[in-house]
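In this text the structure is predicted, and so the values were computed from the model without any measurement.
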Amino acid sequence: EVQLVESGGGLVQAGGSLRLSCTASGATFDDYAIGWFRQAPGKEREGVSCISVSDGDTYYADSVKGRFTISSDNAKNTVYLQMNNLKPDDTAVYYCAAEANMPSIPTMWVQLKAYGSWGQGTQVTVSS
């Protein structure tokens with residue numbers, strides 16, 4: 001089972017940027033779908049973005065399209081989430097998740113149950 005560690009969270013003013021990292025260990029990275037999710041206080045965890053590492057296909061929630069970019073560095077077993085033009089509504093704990101050989105990624109990536117491995121989360125706070 002792959003282990004995931006997130007980093008890069010912090011406090012930023014509205015309009016600012018942060019880059020989150022998700023580093024995987026314990027498994028070959030190439031066949032995985034890596035997703036980013038977030039959970040704000042009192043809200044359900046929601047899908048933000050996903051990358052299919054093998055072919056580089058990416059997916060985004062409508063709320064972050066044009067502001068967030070997901071990418072991977074396969075040599076480092078790391079997936080990044082570049083977050084620009086951050087808004088107070090982006091405040092949440094951000095989690096990365098991984099699943100090998102996920103079927104039907106375009107429809108499955110937003111579902112929590114599609115992932116077998118999760119990181120511990122990193123806090124992102126955007127002040128107005």
Side-chain angles (χ1 to χ4, degrees):
E1 181 177 324
V2 66
Q3 289 81 46
L4 304 172
V5 177
E6 304 100 331
S7 61
L11 173 63
V12 64
Q13 290 188 332
S17 298
L18 284 174
R19 189 178 78 161
L20 305 183
S21 300
C22 173
T23 300
S25 62
T28 303
F29 198 56
D30 295 353
D31 298 326
Y32 275 77
I34 307 294
W36 283 100
F37 289 75
R38 66 186 180 186
Q39 188 166 19
K43 295 188 176 180
E44 294 186 351
R45 194 170 298 189
E46 63 175 1
V48 174
S49 183
C50 177
I51 186 166
S52 173
V53 175
S54 61
D55 57 20
D57 287 349
T58 58
Y59 308 88
Y60 298 95
D62 288 344
S63 58
V64 306
K65 280 181 182 177
R67 300 189 299 122
F68 291 10
T69 302
I70 192 170
S71 62
S72 68
D73 184 336
N74 293 9
K76 295 182 178 180
N77 269 17
T78 298
V79 167
Y80 303 100
L81 186 68
Q82 177 67 43
M83 306 186 295
N84 298 329
N85 191 21
L86 283 161
K87 305 175 181 181
D89 284 349
D90 296 317
T91 296
V93 178
Y94 284 70
Y95 301 87
C96 67
E99 181 65 18
N101 302 308
M102 181 185 293
S104 305
I105 293 177
T107 54
M108 290 296 291
W109 77 268
V110 292
Q111 298 193 32
L112 276 68
K113 64 181 181 181
Y115 299 86
S117 300
W118 290 81
Q120 82 288 351
T122 185
Q123 177 70 47
V124 171
T125 303
V126 184
S127 63
S128 57

*Asks:* Is any side-chain heavy atom of R38 closer than 4.5 Å to one of L20?
*Replies:* no
*Asks:* Please tell me whether S54 and D31 have a donor and an acceptor in their side chains that are separated by less than 3.5 angstrom.
*Replies:* no
*Asks:* With a 4.5 Å cut-off on side-chain heavy atoms, are V48 and L81 touching?
*Replies:* yes
*Asks:* Specify the closest pair of heavy atoms between A33 and Y115, including all atoms of both residues, with the distance to one decimal.
*Replies:*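 Heavy atoms only, the tightest pair is O-CE2, 4.0 Å.
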*Asks:* Taking it one step at a time, do D57 and I105 satisfy side chain to side chain contact (heavy atoms under 4.5 Å, CB included)?
*Replies:* CA-CA 9 Å; D57 287 349; I105 293 177; over 6 Å; no
*Asks:* With the side chain counted from C-beta on, respond yes when C96 and V79 share a heavy-atom pair under 4.5 Å apart, and no when they do not.
*Replies:*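 Not touching, per the 4.5 Å side-chain cut-off.
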*Asks:* Please examine the side chains of L112 and W118, heavy atoms only from C-beta on, and report whether any two atoms are closer than 4.5 Å.
*Replies:* yes
*Asks:* Check whether more than 12 heavy atoms from other residues, nucleotides or ligands sit under 6.0 Å from atom CD of Q13, and answer yes or no.
*Replies:* no
*Asks:* Kindly say whether V5 contributes a backbone atom to a donor-acceptor pair with the side chain of Q120 at under 3.5 angstrom?
*Replies:* no
*Asks:* Let me check something: do Y80 and I34 share a hydrophobic cluster, defined by ILVMFWY side-chain heavy atoms less than 4.5 Å apart, either directly or through other members?
*Replies:* no
*Asks:* E46 side chain to E44 main-chain N or O, any donor-acceptor pair under 3.5 Å?
*Replies:*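 Not confirmed, E46 side chain does not pair with E44 backbone.
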*Asks:* Going from OG on S49 to CD1 on I51, what distance comes out if it is rounded to the nearest 0.5 angstrom?
*Replies:* 7.5 Å
*Asks:* Considering all heavy atoms of both residues, which atom of G47 and which atom of A61 are nearest to each other, and what is their separation?
*Replies:* O-CB, 3.5 Å
*Asks:* Hydrophobic clustering (ILVMFWY, side-chain heavy atoms < 4.5 Å, transitive) - are V53 and M102 grouped together?
*Replies:* no
*Asks:* Taking atom types as modelled, is there a side-chain donor on T125 or T91 under 3.5 Å from an acceptor on the other?
*Replies:*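 Judged by distance alone, the side chains do not pair up.
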*Asks:* Is any side-chain heavy atom of K76 less than 4.5 Å from a side-chain heavy atom of S21?
*Replies:* no
*Asks:* Run the salt-bridge test on K87 and D90 with the 4.0 Å N-O cut-off and return the result as yes or no.
*Replies:*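 Answer for the salt bridge query: no.
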*Asks:* Do you reckon V126 sits in the same ILVMFWY cluster as L18, going by side-chain contacts under 4.5 Å, direct or chained?
*Replies:* yes
*Asks:* With the side chain counted from C-beta on, respond yes when I70 and Y60 share a heavy-atom pair under 4.5 Å apart, and no when they do not.
*Replies:*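 SC-SC contact between I70 and Y60 confirmed.
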*Asks:* Considering all heavy atoms of both residues, which atom of C22 and which atom of L4 are nearest to each other, and what is their separation?
*Replies:*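 In this case the closest contact between C22 and L4 is SG-CD2, 4.0 Å.
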*Asks:* May I ask you to test the Y95-Q39 pair for a side-chain heavy-atom distance under 4.5 Å?
*Replies:*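 They are in side-chain contact.
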*Asks:* For G9 versus T122, what's the shortest heavy-atom pair and its separation?
*Replies:*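 Minimum heavy-atom contact is N-OG1, 3.2 Å.
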*Asks:* Would you please indicate yes or no on a ring centroid separation below 6.0 angstrom for W36 and F68?
*Replies:* no
*Asks:* Report yes or no: do Y94 and V12 belong to one cluster of Ile/Leu/Val/Met/Phe/Trp/Tyr joined by side chain heavy-atom distances under 4.5 Å?
*Replies:*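 Yes, it is one cluster - the side chains of Y94 and V12 are joined through contacts under 4.5 Å.
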*Asks:* Measure across V2 and A24 and return the closest heavy-atom pair with its distance rounded to 0.1 Å.
*Replies:*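 That closest heavy-atom pairing would be CG2-CB, 3.6 Å.
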*Asks:* Check A98 against Y32 and note the closest heavy-atom contact, atom names and distance.
*Replies:* CB-CD2, 3.7 Å
